[in-house]
Novice: 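One structure, pasted below without further comment.
These numbers come from a predicted model, not from an experiment. FYI, side chains are in, hydrogens and waters are out, and symmetry mates aren't considered; it's all heavy atoms of this structure.
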Amino acid sequence: MQRKRYAPGRTGPTARTGSAARTGSTARTALGLALGLAAGLVGCSSGTPSEDVAVDAKAGLAASAAPPGRYQTLFEPCGAVPRAVLQEMLPGAAALPDPERDRAYRGTAAVTYDTDRRVGCSWRADTPEASHRLSLDIERVVSYDSAVSDDDRAQEVYVRKQLAANIPLPPTAPPETGGTPTTGPSGGTAGTGGPSQSAVTGGATPVNASASAPPGSTAPTAPTPTGPASGGPTPSGAPSPTGLEPRVLEGLGDVAYLDDVLGQPRASSRQRSVSVVFRTSNVIVTVSYREEVVGLTEAPDSGELQERARKVARLLADRLEE
């Protein structure tokens, strides 16, 4: 009898054992590939710790960015002053011929490169006896530092203008802490946590230079009026206050001041210029009013010019509140 040769596909215990071994090996290989793929995906999706910290830092800076100012545009200035007010500001215009009178009341717009950032207008009326000129300058301040708000940057610009006019800053509020003041490096007295000297608050009353100076520094001196309101000679020694000196104003915008300058006497004319400057949020407004009289007459009256300039300033402050 001949033996049968081995043929593939035979059945029995031996065949079942080989098939199970191959199946187990294939399962282990597939499991290993799956685990390796999952590990690779986790590694690609997660950043390094330093990258995570950088992202968190950027998110914190974006969250603490200073807010923008209240105003994003400016109004047209030549139409901001009513004709009735211009007639009061330019008394000589009524005697001009019709074409010149209309041109005087229309005003001349200032040349600016961006009317959303700065605008201005001026009016002028000349007669043989006197010359009057009114001008407006309106500036919207924008801070390009994300940590400084537009309002704070505008306050810095305003303070520089006030100091340039030699008008001392109002006093800052005393510190609220109960600590004992310490002596500064230059002998001055330093508080414990009071607000910055440059932060001018509205509604403050004018003070002398020594009260508004920062510790250890030389305070700006209050300007001496160039002449009394009547235009008469200035007496020797310190002039007595008249209430018309350059000063801080109350109730106009957030902060405001008034400057009054009497020009040097000329051979045939006298001139006085009054400026009212105020800030509302991130907008700074300057109203300049000048009168020049011809002949051997008294200087223009301070009280009258100041009242007219303040009237225009109040109109513009109301316009900004609309």
Novice: In a table with atom names and distances, give each donor-acceptor pair under 3.5 Å that connects a side chain of residues 79-86 to protein atoms at least two apart or in another chain.
Specialist:
none

Novice: Just by distance, with hydrogens left out, do S281 and D151 show a side-chain donor and acceptor under 3.5 Å apart?
Specialist: yes

Novice: Please walk me through it: do D126 and R124 pass salt bridge (Lys or Arg N to Asp or Glu O under 4.0 Å)?
Specialist: CA-CA 7 Å; D126 299 330; R124 181 168 184 165; 3.2 Å; yes

Novice: List the steps and the verdict of side chain to side chain donor-acceptor pair (under 3.5 Å) for T73 and D116.
Specialist: CA-CA 5 Å; T73 59; D116 285 336; 5.2 Å; no

Novice: Test T112 against R117 for side chain to side chain donor-acceptor pair (under 3.5 Å), laying out the working first.
Specialist: CA-CA 9 Å; T112 60; R117 291 291 304 277; over 6 Å; no

Novice: Where the side chain of W123 meets the backbone of Y105, is there a donor-acceptor pair that is under 3.5 Å apart?
Specialist: yes

Novice: Considering only NZ, NE, NH1 and NH2 on the basic side and carboxylate oxygens on the acidic side, decide whether R153 and D150 come within less than 4.0 Å.
Specialist: no

Novice: Between R272 and P300, is there a donor-acceptor pair closer than 3.5 Å when you use the side chain of the first and the backbone of the second?
Specialist: yes

Novice: May I ask you to say whether R310 pairs ionically with E250, meaning some side-chain N is under 4.0 Å from a carboxylate O?
Specialist: no

Novice: Would the distance check show the side chain of Q306 and the main-chain N or O of L244 forming a donor-acceptor pair, the cut-off being under 3.5 Å?
Specialist: yes

Novice: For R140 and N282: C-alpha separation, side-chain torsions, deciding distance, then whether side chain to side chain contact (heavy atoms under 4.5 Å, CB included) applies.
Specialist: CA-CA 6 Å; R140 183 176 68 91; N282 60 320; 3.5 Å; yes

Novice: Determine, for R308 against E304, whether the closest basic-nitrogen to carboxylate-oxygen distance falls under 4.0 angstrom.
Specialist: yes

Novice: Does a side-chain N-to-carboxylate-O contact under 4.0 Å join R70 and E321?
Specialist: yes

Novice: Can E291 and R270 be counted as an ion pair, charged N to O under 4.0 angstrom?
Specialist: no

Novice: Any chance the side chains of S302 and D260 put a donor and an acceptor closer than 3.5 Å?
Specialist: yes

Novice: Assess whether ring-ring contact (aromatic ring centres under 6.0 Å, His included) is satisfied between Y257 and Y158, documenting all intermediate values.
Specialist: CA-CA 10 Å; Y257 71 85; Y158 170 86; 5.7 Å; yes

Novice: Is there any salt bridge (Lys or Arg N to Asp or Glu O under 4.0 Å) pair reaching into residues 159-168, and which pairs are they, with sequence neighbours excluded?
Specialist: none

Novice: Identify which one of V141, D254, L320 satisfies the side-chain contact (heavy atoms from CB on, under 4.5 Å) criterion when paired with V283.
Specialist: L320

Novice: Output yes when a side-chain donor or acceptor of R290 lies under 3.5 Å from a complementary backbone atom of E292, and no otherwise.
Specialist: no

